[in-house]
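Here's a structure for you.
Whatever order the structure lists them in is the order used to number ligands and atoms, beginning at 1. Note: hydrogens, waters and symmetry copies are ignored here, and every other heavy atom, side chains too, is used. None of these values were measured; they are calculated from a predicted model.
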Amino acid sequence: MKLLKIDHLGIAVNDMDAARQVWESILGLSFEGKETVEAQKVTTGFLPVGESEVELLESTSPDGPVAKFIEKRGEGFQHVAFRVENIEEALAELKEKGVKLIDEKPRKGAGGAMIAFLHPKSTNGVLVELCQRD
Ligand SMILES: C[C@@H](C(=O)O)C(=O)SCCNC(=O)CCNC(=O)[C@H](O)C(C)(C)COP(=O)(O)OP(=O)(O)OC[C@H]1O[C@@H](n2cnc3c(N)ncnc32)[C@H](O)[C@@H]1OP(=O)(O)O
Ligand SMILES: [Co+2]
């Protein structure tokens, strides 16, 4: 398995439009548009930066992972997503190594990507997303 690059950094926010203002006007990034991914109970908003992107995450439901995260920790950095060439192979390899997988099988993410999460308890307290884009 090879991690190709940091695909995106996920930031949990209370209000997409308010957060978008901050990342655009203060940090000078450009907002690419919103997309709701119901399976994850989030609306995403991507802002490219170099070879990677910032992914703003607003929860669509009080019982979603982003709402729960904000309730416990407040707004902030929620996950890092690494691009991989072959997500099925990567998951098989990580499972073999005893890594605790949240998703044993890839799921559909934003922008047509296939994604899977590793449990933060396996990765030094950081929620890791693997992401394959074809
Ligand atoms: C659209 C897509 C895309 O990019 O295409 C996305 O990104 S969707 C992005 C949103 N989707 C996701 O996050 C899906 C994957 N996440 C999950 O399944 C969940 O959020 C878990 C990570 C399993 C946490 O679940 P849950 O909140 O029910 O468990 P919990 O609160 O008991 O947390 C268990 C322990 O993990 C810690 N914990 C929870 N969320 C964490 C996070 N984001 N980063 C680091 N640690 C985290 C808690 O503090 C707790 O630690 P202590 O035990 O020490 O107190
Ligand atoms: Co993500």
Closest approach to the Co ion (ligand 2) by His8, given as the N, O or S atom name: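 Of all N, O or S atoms in His8, the Co ion (ligand 2) lies closest to NE2.
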Residue and atom name of the nearest protein heavy atom (relative to atom 20 (O) of ligand 1), distance in Å to one decimal: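 Going atom by atom, the protein heavy atom closest to atom 20 (O) of ligand 1 ends up being Pro65 CB, 3.5 Å.
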Numbering as shown, the atoms of ligand 1 that approach Lys68 to under 4.0 Å (heavy-atom distance):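 Those of ligand 1 that fall under 4.0 Å from Lys68 are 28 (O).
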Atom 3 (C) of ligand 1 - nearest protein heavy atom and its distance: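 Answer, as residue, atom name and distance: Glu55 OE2, 3.1 Å.
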Sub-4.0 Å atoms of ligand 1 with respect to non-hydrogen atoms of Ile102: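 Numbered from 1, ligand 1 contributes 17 (C), 18 (O), 22 (C), 23 (C).
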Atom 26 (P) of ligand 1: any protein heavy atom closer than 4.0 Å: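 Flag for atom 26 (P) of ligand 1 set to false, no protein heavy atom closer than 4.0 Å.
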Sub-4.0 Å atoms of ligand 1 with respect to non-hydrogen atoms of Ala110: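 Near Ala110, meaning under 4.0 Å from one of its heavy atoms, ligand 1 has 3 (C), 5 (O).
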Per-atom contact, atom 29 (O) of ligand 1, protein heavy atoms, under 4.0 angstrom: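 Protein heavy atoms within 4.0 Å of atom 29 (O) of ligand 1 - there are none.
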Metal site angle (apex the Co ion (ligand 2)), OE1 from Glu55 and NE2 from His79, 10 degrees: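 Glu55 OE1 and His79 NE2 form an angle of 90° at the Co ion (ligand 2).
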Ligand 1 contact by Lys121, heavy-atom criterion under 4.0 angstrom: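 Yes, Lys121 has a heavy atom closer than 4.0 Å to ligand 1.
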Per-atom contacts, ligand 1 versus Thr44 - under 4.0 Å to a heavy atom: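 Those atoms are 1 (C).
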Option set Met114, Glu71, Gln40, criterion heavy-atom distance to atom 12 (C) of ligand 1, minimum: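 Going through Met114, Glu71, Gln40 one by one, Gln40 has the nearest heavy atom to atom 12 (C) of ligand 1.
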Enumerated ligand 1 atoms positioned under 4.0 Å from heavy atoms of Gly109: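 The list of qualifying atoms is 5 (O).
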Check: Lys41 main-chain N/O paired with Ser61 side-chain donor or acceptor under 3.5 Å: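 No, because the side chain of Ser61 does not come within donor-acceptor range (under 3.5 Å) of the backbone of Lys41.
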Geometric N/O contact His79 with ligand 1, under 3.5 angstrom: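 Between His79 and ligand 1, an N or O pair is found under 3.5 Å apart.
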Per-atom contact, atom 8 (S) of ligand 1, protein heavy atoms, under 4.0 angstrom: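 Neighbour list for atom 8 (S) of ligand 1 includes protein heavy atoms (cut-off 4.0 Å).
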contact_flag Gly10 ligand 1 heavy-atom lt 4.0 Å: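 Per 4.0 Å heavy-atom rule, Gly10 does not contact ligand 1.
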Sidechain-backbone polar pair: Thr123 side chain, His119 backbone, donor-acceptor under 3.5 Å: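 A pair under 3.5 Å: yes.
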Within-cutoff protein neighbour (heavy atom, under 4.0 Å) for atom 1 (C) of ligand 1: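 Within 4.0 Å of atom 1 (C) of ligand 1, protein heavy atoms are found.
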His8 near ligand 1 by a heavy-atom separation under 4.0 Å: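 Checking ligand 1 against His8, which is what was asked, there is a heavy-atom contact under 4.0 Å.
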Residue Lys72 vicinity, atoms of ligand 1 by number, heavy atom under 4.0 Å: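 Once the distances to Lys72 are compared, the set is 30 (P), 31 (O), 32 (O), 33 (O).
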Atom of Glu129 nearest the Co ion (ligand 2) (restricted to N/O/S, atom name only):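 So the atom name we want here is OE1.
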Test side chain to side chain donor-acceptor pair (under 3.5 Å) applied to Thr43 and Thr60, step by step: CA-CA 7 Å; Thr43 296; Thr60 57; 5.9 Å; no
